[in-house]
**Q** 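Just passing along the structure, written as structure tokens.
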Amino acid sequence: MGKKEVNIPRQTNILLIDEDVAWRKTLSVGLQDMGHRVTTATTGQEAVALFKQQPFNIVLVGIKLPDVSGREILEMTKELNPEVAVVMITDHANLKAAVNAVDEGAYAYVLKPEALYELKTLINNALREQELLIRNRKLVDSLQRSNSSLEEANQALEQASHAKSDFLAKMSHELRTPLNVIIGFAELMVDQVPGEVNEEQRQCLDDILTSGRHLLGLINEVLDISKVEAGKVELKLKDIVLSEVVESVTSAMTAVLSQRRQSLDVKLGEEFFSVQADEARLRQVFFNLLSNASKFTPDGGEIKIEARRKGNFCQVSVSDNGIGIKVEDLRQIFEPFYQADNSIDREDGERRGTGLGLSLVKEIVEMHGGRIWVESEYGKGSNFIFTLPLVVANKTLS
Ligand code: ADP
């Protein structure tokens, strides 16, 4: 592709101001012969009046005028239109003043005897630069416009997302109350408090309870995640000994793990890893990852929790030798409601999750200033790794 040509307008609107009438006439005719339009003036006052009436793109001005100096004309034109190229016309006697004018913003100066000859290329260059300047300005303008509309769109998006999280938080809260009532009464009926139930009725009640509890879990997770997204969750940070949190979560999981004959190996390296965290939220992270590891690992499988120091962070990994995750699912696994192709419903409904657990885990880890990612090979197992800032490191740093 060839270079893009800059379009130079053939006709230029030149304002020529000089008190030397004869010389001015010669120059004017010469310029007109080159195809330019020329308007002439003798005094500064005349020039200002003309400049205010019509648009000029080149001003040729004698350094000495009867009323004002050429430099004053320069100042005035630049003020009225900064893109106009002002060329000072001087003789040898006033060369210094012309050079100074260039320092102050004049486009160039030309010496009287050779003025016409020099002006030929000079005007073309000035026009080309003007055109580039105009294009640049237009580009900058349109960039600024797109930037501000992007900013507006971003703000609107943020507001919409905030409103969505807010709505979800309120809705889930409202849904929880009646659902708890349904579950509570179903439990009472299973316990036969209001009266005896036969086998068929009991089956129906069990179904109500299973679905009710599943729905409650879903609502709780939606509530949790929308609170986090709406920025309504404040972490109660304190120094936490990692092994204590792991211990409390694993003991709560013992029954599930032993029922499925799954082994759990915990290796925390430095026993006294202390992290800055919200204890309840950190427990939630471990609980979600560990339940997933168990859920997506066949009976008799192996699960491991390991932790080691990585600079100022503690890096924790929860791994299993279960069903693994397909490559195409890995990127979206932390997105809300995403469930990979591997989560086929088990007969006992155990794998029937919400697809919210991992996105909540990610939000929590990131709120703590950590990162989370997953490594997995389909059919061989998964390894969820996250980092948390170490207390010791923070203290040494400060
Ligand atoms: P849920 O477990 O409720 O479906 P999550 O957000 O916790 O939702 O997990 C999303 C999906 O990621 C799961 O449905 C499952 O497909 C996949 N997944 C999570 N953990 C594992 C794991 N340890 N092994 C294999 N797949 C997993």
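Numbering of residues begins at 1 and proceeds along the displayed sequence. For ligands, and for the atoms within them, numbers begin at 1 and follow the listed sequence. All values reported here derive from a predicted model rather than from experimental measurement.
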**Q** Which residue in the set V86, L122, L31 passes side chain to side chain contact (heavy atoms under 4.5 Å, CB included) when paired with L60?
**A**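 Per the side chain to side chain contact (heavy atoms under 4.5 Å, CB included) rule, the option paired with L60 is L31, out of V86, L122, L31.
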
**Q** Determine whether any heavy atom of F384 lies closer than 4.0 Å to an atom of ligand 1.
**A**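 F384 counts as a contact of ligand 1 under the 4.0 Å cut-off.
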
**Q** Only heavy atoms of G355, strictly under 4.0 Å: list the atoms of ligand 1 that pass.
**A**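 Selected atoms, number and element: 1 (P), 3 (O), 4 (O), 6 (O), 8 (O).
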
**Q** Polar-atom distance check: I325 versus ligand 1, any N or O pair below 3.5 Å?
**A**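 Between I325 and ligand 1 (N or O atoms, distance only) the closest approach is not under 3.5 Å.
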
**Q** State which residue, out of V275, L237, V285, T387, fulfils the side chain to side chain contact (heavy atoms under 4.5 Å, CB included) condition with H368.
**A**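 Exactly one pass, corresponding to L237.
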
**Q** Does any N or O of ligand 1 fall below 3.5 Å from an N or O anywhere on I323, backbone included?
**A**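 No, there is no polar N/O contact under 3.5 Å.
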
**Q** Using a distance-only test with no angle check, is there a side-chain donor-acceptor pair under 3.5 angstrom linking R24 and T42?
**A**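 T42 and R24 do have a side-chain donor-acceptor pair below 3.5 Å.
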
**Q** Using a 3.5 Å distance criterion without hydrogens, assess whether the side chain of N57 forms a donor-acceptor pair with backbone atoms of N13.
**A**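 Between the backbone of N13 and the side chain of N57 there is a qualifying donor-acceptor contact (under 3.5 Å).
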
**Q** Which of these, T40, L119, D18, sits in a side chain to side chain contact (heavy atoms under 4.5 Å, CB included) with L27?
**A**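 That would be L119; it is the only one of T40, L119, D18 passing the side chain to side chain contact (heavy atoms under 4.5 Å, CB included) with L27.
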
**Q** Show which atoms of ligand 1 fall inside a sub-4.0 Å distance from at least one heavy-atom site of L356.
**A**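 Atoms satisfying the 4.0 Å criterion: 6 (O), 8 (O).
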
**Q** Ligand 1 versus Y338, non-hydrogen atoms closer than 4.0 Å: side chain, backbone, both, neither?
**A**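 Contact part for Y338 vs ligand 1: backbone (N, CA, C, O).
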
**Q** Check each of V318, L358, T297 against atom 9 (O) of ligand 1 and report the one with the nearest heavy atom.
**A**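 Of the listed residues, L358 has the closest heavy atom.
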
**Q** Would you check the N or O atoms of G357, main chain and side chain alike, for any that come under 3.5 Å of an N or O of ligand 1?
**A**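 N/O-N/O distance under 3.5 Å: yes.
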
**Q** Pairs of nitrogen or oxygen atoms closer than 3.5 Å, one from F296 and one from ligand 1: do any exist?
**A**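 N/O-N/O distance below 3.5 Å does not exist for this pair.
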
**Q** Should you measure from each heavy atom of G324, which atoms of ligand 1 turn up under 4.0 Å away?
**A**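 So the atoms of ligand 1 that pass are 25 (C).
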
**Q** Could you go step by step and tell me if N383 and V318 meet the side-chain contact (heavy atoms from CB on, under 4.5 Å) rule?
**A** CA-CA 6 Å; N383 185 9; V318 180; 5.8 Å; no

**Q** Report, in ascending order of atom number, the atoms of ligand 1 lying under 4.0 Å from any heavy atom of I333.
**A**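 Result: 12 (O), 17 (C).
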
**Q** Would you kindly confirm whether I385 and V365 end up in one hydrophobic cluster when ILVMFWY residues are joined by side chain heavy atoms under 4.5 Å apart?
**A**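 Hydrophobic grouping puts I385 apart from V365.
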
**Q** Taking the six-membered ring for Trp, are F386 and F286 ring centroids under 6.0 Å apart?
**A**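 Distance test on ring centres: under 6.0 Å, yes.
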
**Q** Does G322 come within less than 4.0 Å of ligand 1, judged by its heavy atoms?
**A**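 Per 4.0 Å heavy-atom rule, G322 does not contact ligand 1.
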
**Q** Polar-atom distance check: S382 versus ligand 1, any N or O pair below 3.5 Å?
**A**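 So ligand 1 has an N or O lying under 3.5 Å from an N or O of S382.
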
**Q** Look only at interatomic distance and state if D320 has a nitrogen or oxygen under 3.5 Å from any nitrogen or oxygen of ligand 1.
**A**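 Looking only at distances, the answer is yes, because the N/O contact criterion of under 3.5 Å is met.
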
**Q** Is there a side-chain contact between R309 and L390 in this structure, where contact means two heavy atoms from C-beta onward sitting under 4.5 Å apart?
**A**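 Yes; the side chains approach each other to less than 4.5 Å.
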
**Q** Using 30° and 60° as the class limits, which term best fits the ring planes of F334 and F384: parallel, tilted or perpendicular?
**A**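 Correct class here is perpendicular.
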
**Q** Among the heavy atoms of K295, does any lie under 4.0 Å from an atom of ligand 1?
**A**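 The answer is yes: ligand 1 sits under 4.0 Å from a heavy atom of K295.
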
